[in-house]
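This report concerns only the one structure given below.
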Amino acid sequence: MTKEPAHFRPLLRAAEIEAIPEEARVHALDSSSVRHTRSLGDATGLSSIGIHRVRLTPGRTSSVYHFHHHDEEWIYVLSGRGVAEIGDEKFEIGTGDFMGFVAGSLPHNLVNPNAEDLVYLVGGNRLLYDVCDYPRLRKRRYRVNGKNEYVDWDTLDKPVRK
């Protein structure tokens with residue numbers, strides 16, 4: 001039987017989750033994209049998937065409009081309201097709504113234009129490699145073994161799907 005390290009626990013009680021310090025994560029390509037994150041997967045020792053409870057404050061964006069070539073990701077709204085942009089469409093979302101993005105999905109983004117916080121669970125793969133495109137910025141991110149490298153689309157040999 002495999003035993004997890006002593007600092008990892010398979011059960012996190014609500015009070016323990018609240019005690020995890022929030023980390024303000026600012027997107028490398030957009031300083032207005034700030035998520036206040038508690039990493040639940042890290043606290044339980046998960047290594048192949050990430051699960052985070054995120055608080056998106058009023059006026060903030062969760063990430064730069066993007067899609068992943070290899071990673072899958074999902075979002076489940078716990079409280080508040082927001083606007084999900086998926087492809088060319090915008091959708092109002094709220095408590096209990098779920099979104100799932102397969103590898104190669106439409107580009108997407110989440111915005112909180114409201115006066116109250118938007119709180120959600122987000123999760124996805126933690127592959128050693130991924131390629132992520134940011135169509136509006138015409139940039140691509142390569143992640144290899146946890147290290148990110150950003151390149152301009154104009155430097156790529158092959159055309160990029162927009």
Side-chain angles (χ1 to χ4, degrees), residues 2 4-5 8 10 12 17 20-57 60-80 82-91 93-94 96-112 118-162:
T2 303
E4 67 272 353
F8 295 135
L12 294 177
I17 293 170
I20 297 172
E22 272 190 345
E23 180 183 334
R25 294 188 178 175
V26 180
H27 197 283
L29 298 177
D30 181 7
S31 62
S32 71
S33 295
V34 180
R35 302 187 299 197
H36 299 275
T37 302
R38 288 185 167 103
S39 294
L40 309 181
D42 291 349
T44 59
L46 296 176
S47 60
S48 63
I49 59 171
I51 301 174
H52 312 280
R53 191 178 84 181
V54 174
R55 184 172 59 85
L56 195 58
T57 59
R60 292 296 185 176
T61 303
S62 65
S63 183
V64 174
Y65 184 75
H66 71 286
F67 71 93
H68 296 270
H69 289 265
H70 302 282
D71 281 349
E72 293 185 326
E73 59 184 329
W74 56 265
I75 295 171
Y76 179 76
V77 180
L78 298 171
S79 65
V83 175
E85 186 174 9
I86 304 170
D88 294 331
E89 296 185 72
K90 292 184 180 183
F91 304 90
I93 59 159
D97 289 343
F98 178 83
M99 292 170 275
F101 301 100
V102 299
S105 70
L106 291 172
H108 51 276
N109 192 13
L110 185 58
V111 178
N112 180 3
L118 172 63
V119 180
Y120 57 92
L121 291 176
V122 62
N125 304 105
R126 286 185 170 177
L127 300 175
L128 293 176
Y129 61 89
D130 185 37
V131 176
C132 184
D133 281 338
Y134 303 92
R136 293 186 179 141
L137 299 180
R138 298 181 51 78
K139 292 199 178 280
R140 174 172 282 175
R141 182 195 77 196
Y142 295 99
R143 183 184 70 225
V144 179
N145 295 323
K147 184 177 178 182
N148 293 321
E149 181 180 348
Y150 296 87
V151 298
D152 292 323
W153 281 4
D154 297 338
T155 64
L156 301 173
D157 291 336
K158 296 181 181 179
V160 177
R161 177 183 71 122
K162 296 179 185 178

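What you see is a predicted model, and the numbers here were worked out from it, not measured in a lab.
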### Query
Would you say the side chains of Ser39 and His52 form a donor-acceptor pair under 3.5 Å?
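The answer is yes; a qualifying pair exists.
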
### Ser63-Arg25 side chain donor-acceptor pair, cut-off 3.5 Å
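The answer is no; no qualifying pair exists.
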
Any donor-acceptor pair under 3.5 Å linking the side chain of [X] with the backbone of [Y]?
| X | Y | result |
| --- | --- | --- |
| Trp74 | Met99 | no |
| Thr61 | Val111 | no |
| Tyr65 | Leu137 | no |

#### Entry: Pairing residues for His36 by the ring pair (Phe, Tyr, Trp, His ring centres under 6.0 Å) criterion, not counting sequence neighbours
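Not a single residue meets the ring pair (Phe, Tyr, Trp, His ring centres under 6.0 Å) criterion with His36.
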
### Pairs flagged by salt bridge (Lys or Arg N to Asp or Glu O under 4.0 Å) wherever residues 26-49 is involved - sequence neighbours left out
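Passing the test, one end in residues 26-49: Glu18-Arg38, Glu22-Arg38, Asp42-Arg126.
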
### Query
Do Arg138 and Asp152 meet the salt-bridge criterion of a basic N to acidic O distance under 4.0 Å?
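Salt bridge between Asp152 and Arg138, a charged N being under 4.0 Å from a carboxylate O: no.
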
### Task
Measure up the His68 and His66 rings against each other and bin them: parallel (under 30°), tilted (30 to 60°), perpendicular (over 60°).
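Answer is perpendicular, since the angle exceeds 60°.
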
### Query
Using 30° and 60° as the class limits, which term best fits the ring planes of His108 and Phe101: parallel, tilted or perpendicular?
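Aromatic pair His108/Phe101 classed parallel.
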
To the nearest 0.5 Å, what is the distance between [atom1] ([X]) and [atom2] ([Y])?
| X | Y | atom1 | atom2 | answer |
| --- | --- | --- | --- | --- |
| Tyr142 | Tyr150 | OH | OH | 13.0 Å |
| Glu73 | Ser105 | CD | OG | 7.0 Å |
| Arg60 | Leu110 | CZ | CG | 14.0 Å |
| Leu40 | Thr37 | CG | OG1 | 10.0 Å |
| Ser79 | Leu118 | OG | CG | 7.0 Å |

### Intermediate values then yes/no, salt bridge (charged side-chain N to carboxylate O under 4.0 Å, His left out), Asp130 and Arg141
CA-CA 8 Å; Asp130 185 37; Arg141 182 195 77 196; 3.4 Å; yes

### Message
Assess the residue pair Asp97 and Tyr76 against the criterion (side chain to side chain contact (heavy atoms under 4.5 Å, CB included)); give the C-alpha distance rounded to whole Å, side-chain angles, the decisive distance to 0.1 Å, and a yes or no.
### Response
CA-CA 6 Å; Asp97 289 343; Tyr76 179 76; over 6 Å; no

### Query
Would Glu149 and Arg140 satisfy salt bridge (charged side-chain N to carboxylate O under 4.0 Å, His left out), going step by step from the backbone distance to the final call?
CA-CA 8 Å; Glu149 181 180 348; Arg140 174 172 282 175; over 6 Å; no

### Task
Determine the sole option in Ile75, Val83, Val77 for which the side chain to side chain contact (heavy atoms under 4.5 Å, CB included) test with Ile93 is passed.
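Among Ile75, Val83, Val77, the one that satisfies the side chain to side chain contact (heavy atoms under 4.5 Å, CB included) with Ile93 is Val77.
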
